[in-house]
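This report concerns only the one structure given below.
Worth knowing before you read on, the calculation uses all heavy atoms, side chains too, and leaves out hydrogens, waters and symmetry mates.
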Amino acid sequence: MVMNTERISDPIRTLQQTTETLSETILEGGDERLHLLSNGLNKYNVNPVQFQGILNRGSCTCSPFTPDGYAVALDLLRDITPATFPKFHHEHTQRLKELLNFEGEDRFDVFFAPSGSDLCYYPLLFSQMINPGKKIVNLVTCPEELGSGSTLAMNGQYYFQTNQIGKTFEKGAHLTKTLDISRKDFPARGDMGRIINHQANILETIQELGPDYSIIANLVIGSKSGIENNTRVISQVPESVMWTVDLCQFRASRLLVNGLLGQNCMVLITGSKFYQAPPFCGALLVPRTITNRFKYVDPDLLAPFHDIFTKYDFPVELRDKFVGFPEKQNVGLMLRWEAALNEMEKFDNLCSFEVHSTCSDWNDFVRGEIKDSPQLELMPDQELTSPTIISFRVKNRRGEYLSYEQLRDLYQTICSTEHEGFSNATKVLFGQPVRYGEKSFIRLAIGSHNIRQFVEQDVSFEDDRRIVEIINEFARDYR
C-alpha cells in the first residue's frame, strides 16, 4: 500500500479518505482468509470495519474491530509513511515486551507474522539454523483444534493461496523438497469427547526417536475449546527438543508466559482472538536461550521461507542472520497489532480479582442456560478448559445431534441473520464448529473487550441468555 502523503485542506475529506483507506488496508498483508466474499463479509462472517450492532462471542478469529481498536488504528494510519514504519514497528515490539516481561527483564525476542498459521513455519526455519541436515519430526497435540492452516504449515506446505506480499501459490504444495519432515499427531479428544492426556505418549515418542532427529514438540494452552496441555513433560526430555506452546487464543497470564519462556519454550500468540483485534496478527516469543544458538545458515536453506516472511517480521538485532527476505512494509498487519496492543494495555489495567470473578460468573451463567436447554449439551471436561470458552453440542427437536455440516449451516445462518432481543445489537458472532472424530461442537466465548464491558459498565449476561435461545430456535427444525 502506498499512502497519499499530500496535505489536503478539507479535514472532512481527509477523514473520509483515511477511513476508506483503513477499510482497504485492514484486509491486506495476509492470506486469502482476509478477503471479503460477495456478501461483503469474510469466511468468518465478518467485515472488520463493520462493528456497530454486533455482539461478539467468538473464540476464534472472527472479530471485527472494537470501537477502541478502530479509533487507534485510524490514528496510526494517518501517521504511517515508509519513513516512519520502522519506528512504529519497533514501538510495537517494545510494547509487547513491556506487557509480557517481568519488570526489569528482557527474556525474549519477538518475531512477527500475519497469522498463527504463519508462526508454525518459524520452528522449521530455526531447526535449519540450529540442526542443519537433520530430519525434522513434528509432534502435534490437539491438531483438530488448531488453526485451519497450522497443520499444513507444520508439514512445510503452503497453507494459503496468497501470501502477505500478494504472491500466489498452490495450497498444499511443499515450500521445498529439501525439508525432510514427518509428523505425529496426538488428538485432543476421544470418541466420547473426553480430553486426552498425552504426556506419557509424548515422552515415550521422544525417547524412541533419540538424538538423530530434530524434534519439534508442539503443545497447546488454549485450543479452540480452551484445552490446556500439561507441560510437566518438558522437564523430562533432553534439552535438544525444541518446544513450542500454542497460546494463540492468548487467554493466559504474564506468569504463565514467563514460566514457559523459562522452560525454553517458544510461545505463539495472536492479538486477534482473546484481544479481539481484526484478523490476523501473530507473534512468536523466542527465549534468548534459543536465539543465542542461531548459527550462520546457508542462504539457500533460507530461500524457501522468503515466501512466508518479510524483513520486518524479524527482530532488528537478528536481521543479519535472515538474509534475502522481502522489504515489504506490512501496514495491514501493523494496524491489526495496533488494535490488539491497545486492547491488551487496557485489559492489563483491570483488577485481576474482578476479571477472574467476572469470567467465573459468566461461565456459571451460560453453562446453567445450556444445561436447562432441551437442545444443547455441554462437552465433557469443561472444568479442564478456559472459563472464557464454553463448548457444547447441538440437537434438533427429536434429540438427534446436528452433524458438522449442519452446524456449519447453523453457524452461517445465525451469524448472517438479524435478531431481536439483544440490549444493543442485532447480529451475533460465535465460535465456528469444531470436529472431533465423527462428531462436532460449537462454542461461546468472551474476550477482553467483553470482559471490560462487564467490569467497567456493569453489563448483565442477559444477551448471552438470548444467544442460547436463538441457537435453540434455529436448531429445532434441522432433519
Side-chain angles (χ1 to χ4, degrees), residues 116-117 119-127 130-131 134-147 149-156 179-249 251-252 256-269 284-287 289-290 293 379-381 383-386 434-437:
S117 295
L119 296 177
C120 296
Y121 292 110
Y122 273 124
L124 305 180
L125 174 56
F126 298 164
S127 177
I130 296 173
N131 299 304
K134 280 192 176 183
K135 177 181 175 66
I136 298 170
V137 180
N138 246 323
L139 310 182
V140 183
T141 60
C142 302
E144 66 273 49
E145 294 201 23
L146 300 180
S150 296
T151 50
L152 279 176
M154 289 175 181
N155 290 342
L179 271 176
D180 189 0
I181 304 170
S182 63
R183 199 181 90 210
K184 182 174 175 57
D185 291 346
F186 299 86
R189 298 175 183 268
D191 290 340
M192 302 305 294
R194 292 283 179 186
I195 296 171
I196 303 173
N197 184 346
H198 284 295
Q199 182 168 329
N201 295 331
I202 293 171
L203 180 59
E204 181 181 353
T205 301
I206 292 172
Q207 290 172 340
E208 288 176 353
L209 287 169
D212 294 334
Y213 296 88
S214 180
I215 301 172
I216 304 170
N218 303 271
L219 301 179
V220 60
I221 296 181
S223 66
K224 289 182 177 180
S225 65
I227 292 173
E228 299 182 354
N229 284 156
N230 191 319
T231 61
R232 283 180 293 180
V233 66
I234 296 171
S235 62
Q236 302 175 44
V237 303
E239 292 184 359
S240 58
V241 175
M242 186 179 292
W243 290 94
T244 77
V245 179
D246 186 329
L247 279 185
C248 282
Q249 285 280 339
R251 302 168 189 272
L256 174 61
V257 170
N258 280 270
L260 294 170
L261 292 168
Q263 296 181 80
N264 295 325
C265 295
M266 295 181 286
V267 179
L268 291 77
I269 65 172
L284 183 70
L285 313 181
V286 184
T289 51
I290 293 179
R293 296 170 61 197
M379 289 291 290
D381 298 332
E383 69 280 2
L384 301 180
T385 67
S386 168
V434 176
R435 294 182 191 266
Y436 65 103

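- Put simply, the side chain of His198 reaches to within 4.5 Å of the side chain of Pro187, judged on heavy atoms.
- How far CG of Asp246 is from CG of Asn218: 8.5 Å, rounded to the nearest 0.5 Å.
- At a threshold of 4.5 Å between non-hydrogen side-chain atoms, the residues Val237 and Leu203 count as touching.
- At least one donor-acceptor pair closer than 3.5 Å links the side chain of Lys134 to the backbone N or O of Pro211.
- Considering only heavy atoms from C-beta on, Met242 comes within 4.5 Å of Ile130 through its side chain.
- For Ser240, the side-chain hydrogen bond (donor to acceptor under 3.5 Å, both in side chains) criterion is met by no residue, not counting sequence neighbours.
- For Glu383, the CD atom sits in a packed shell: over 12 heavy atoms of surrounding residues, nucleotides or ligands are nearer than 6.0 Å.
- Taking the side chain as every heavy atom from C-beta outward, Phe126 and Thr244 never approach each other to under 4.5 Å.
- Contact detail for Leu124 and Ala153: the closest heavy-atom pair is CD1-O, 3.4 Å.
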field: Derivation of the side chain to side chain contact (heavy atoms under 4.5 Å, CB included) call for Val286 and Tyr122
entry: CA-CA 10 Å; Val286 184; Tyr122 273 124; over 6 Å; no

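- At distances below 3.5 Å, at least one donor-acceptor pair connects side-chain atoms of Asn138 with backbone N or O atoms of Met154.
- Taking both residues in full, the closest heavy atoms of Ala217 and Val241 are given as CB-CG1, 4.1 Å, listed atom of the first, atom of the second, then distance.
- Residues Leu256 and Leu247 have side chains in contact (heavy-atom distance under 4.5 Å, counting atoms from C-beta outward).
- Between the CD atom in Gln199 and the CD atom in Glu204 there is a gap of 13.0 Å [rounded to 0.5 Å].
- The two atoms that bring Ser386 and Arg251 nearest to each other are OG-CD, 3.8 Å, heavy atoms only.
- Across all non-hydrogen atoms, the minimal contact from Cys265 to Ile234 is SG-CD1, 3.4 Å.
- Atom CD of residue Gln249 and atom CD1 of residue Ile269 lie 13.0 Å apart, to the nearest 0.5 angstrom.
- Within the 4.5 Å cutoff, the side chain of Val137 has heavy atoms near those of the Leu139 side chain.
- Here the side chains of Pro123 and Met266 are in contact, with some heavy-atom distance below 4.5 Å.
- With hydrogens and angles ignored, the 3.5 Å screen pairs a side-chain donor or acceptor of Arg183 with a backbone N or O of Thr151.
- Here the OG atom belonging to Ser150 is positioned 8.0 Å from the CG atom belonging to Leu268, to the nearest 0.5 angstrom.
- When all heavy atoms are compared, the tightest approach of Val220 to Cys142 is CG1-SG, 3.3 Å.
- Put simply, NZ on Lys184 and OG1 on Thr205 are 5.0 Å apart, with the number rounded to the nearest 0.5 Å.
- Contact check for Leu219 versus Trp243: side-chain heavy atoms found under the 4.5 Å cut-off.
- For the atom pair Thr141 OG1 and Asp185 CG, the distance stands at 9.5 Å (nearest 0.5 Å).
- Residues Gly210 and Ile215 come closest through the heavy atom pair O-CD1, 4.0 Å.
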